[in-house]
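Here is the structure we will look at, set down as structure tokens.
Keep in mind that this is a model prediction, so the values were computed, not measured.
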Amino acid sequence: MRETSAPPVPALPALRRQALRHHLLAEVRRPARRPRRVRVLVPAAAALAVVVAVGVVAQPWAPRSAPLVVPVVQGERVGATLLLNRMAVAAADKPVPPPGEGGYVYIKSRGAFAELGDGPARLRPVHEREIWIPRDERGDGLLRQPFFDAPIVGVIPESVTLTDVTPNAALVDLPDDPDALLTELYAEREDRGRGTSHDGAAFTAIGDILRESLVPPRTSAALYRAAAKIPGVEVVRGVTDAAGRRGIAVAHTERSRRDEWIFDERTFDYLGERSYLVAETADGPPGTVLGTTAVLQRAVVSQLGQRPTR
């Protein structure tokens with residue numbers, strides 16, 4: 001097991017922090033067109049700086065895989081507001097985690113992302129990742145995922161210390177009022193960038209929060225009610241996450257791409273995400289999957305690197 005330390009991560013505005021803090025692969029979800037088949041595989045800020053400097057990282061050490069294509073079904077815009085408000089009611093009724101239970105938020109997930117360029121997008125093999133985030137006070141976090149020996153960048157270790165990480169409590173310190181929350185999300189759009197519209201950036205920001213944070217019930221409710229106010233949000237049924245679990249999705253389409261948050265249809269628990277093309281592009285036909293994830297476990301633990309007992 002290799003471990004290294006990433007350089008300090010500076011403080012960021014409340015809704016920009018996920019990309020540099022504990023989801024450094026976020027840009028893989030929205031890759032730009034590239035002249036050859038490439039994929040950035042950088043899990044730590046130290047390696048991220050190298051990748052930014054050189055542009056992209058080729059991946060000749062990984063086996064080629066076939067494109068994954070899923071059916072593109074019609075979304076339901078009328079039902080989206082109803083579903084999200086039902087989810088908000090269910091979230092608000094959930095118990096608040098007891099204080100003092102532990103100092104770190106632990107999240108275990110599974111995911112796969114596609115390469116773009118040089119023909120149809122091909123989904124890479126699914127891999128698991130674990131992350132530890134300080135719960136209440138700023139400090140070190142930890143990221144574990146598969147070991148890579150990447151050209152140019154060199155060894156990307158299995159275990160990476162994330163230095164001076166923004167605590168989970170600060171990440172989810174958001175307005176309870178959905179209108180105020182949505183206003184804040186829209187205001188962050190210029191800082192977040194990624195070439196999306198105001199509505200697309202707001203949808204992405206909420207997805208970032210849902211993916212790798214432990215969100216209090218009241219904040220979850222506000223996020224769902226805010227999402228219900230985003231124009232173009234749809235419901236998609238019969239969706240499957242990266243763990244093979246079926247659920248119902250809240251989706252948003254921008255240009256030729258649809259991004260989905262997947263939830264258990266009965267409990268409304270967050271399951272994961274999926275992104276795919278909805279129109280023919282150079283990256284493939286409609287239904288070509290660009291990314292899929294599944295959150296397997298969220299818990300609070302006492303020590304950095306500790307796994308939950310159950």
* Side chains of Asp269 and Thr267, donor plus acceptor under 3.5 Å -> yes

* Taking the six-membered ring for Trp, is the centroid-to-centroid distance between Tyr224 and Phe263 below 6.0 Å? -> yes

* **Side chains of Glu254 and Ser197, donor plus acceptor under 3.5 Å** => yes

* Residues Ser275 and Asp259: side-chain donor-acceptor under 3.5 angstrom -> yes

* Aromatic ring pairing His198/Tyr186, orientation class (parallel under 30°, perpendicular over 60°, tilted between) -> tilted

* **Cationic N near anionic O, under 4.0 Å, Arg274 to Asp241** => no

* To do: Give the ring-plane orientation class for Phe203 versus Trp261, where under 30° counts as parallel, over 60° as perpendicular and anything between as tilted.
  => parallel

* Is there a side-chain contact between Lys108 and Arg144, using heavy atoms and a 4.5 Å cut-off? -> no

* Asked: Do Leu290 and Leu277 come within less than 4.5 Å of each other through their side chains, counting heavy atoms only?
  -> yes

* To do: State, with a plain yes or no, whether a side-chain heavy atom of Arg135 is found less than 4.5 Å away from one of Pro167.
  => no

* To do: Inspect the surroundings of CZ in Arg218 and state if more than 12 heavy atoms from other residues, nucleotides or ligands are less than 6.0 Å away.
  => no

* To do: Would you indicate whether the side-chain heavy atoms of Glu130 and Tyr106 approach each other to under 4.5 Å?
  => yes

* To do: Could you tell me whether the side chain of Ser213 and the main chain of Val215 form a donor-acceptor pair under 3.5 Å?
  => no

* Carboxylate-amine/guanidinium contact Glu265 Arg237, below 4.0 Å -> yes

* Asked: Can you find a pair of side-chain heavy atoms, one from Tyr104 and one from Val300, that are under 4.5 Å apart?
  -> no

* Side-chain heavy-atom pair Ile209, Leu171 within 4.5 angstrom cut-off -> no

* Decide yes or no on side-chain hydrogen bond (donor to acceptor under 3.5 Å, both in side chains) for Thr166 and Arg138, but give the supporting numbers first. => CA-CA 5 Å; Thr166 303; Arg138 196 175 189 93; 3.1 Å; yes

* To do: Please report the C-alpha distance between Arg129 and Glu212 in whole Å, then the side-chain angles of each, then the deciding distance to 0.1 Å, and finally whether the salt bridge (charged side-chain N to carboxylate O under 4.0 Å, His left out) criterion is met.
  => CA-CA 11 Å; Arg129 60 185 261 136; Glu212 282 189 336; 3.0 Å; yes

* Would you mind reporting whether Val278 and Arg257 have side-chain heavy atoms less than 4.5 Å apart? => no

* **Within-4.5 Å side-chain heavy-atom neighbours: Leu223 and Leu174** => yes

* Asked: Rounded to the nearest 0.5 Å, what separation is found between the CD1 atom of Ile133 and the CZ atom of Arg298?
  -> 9.0 Å

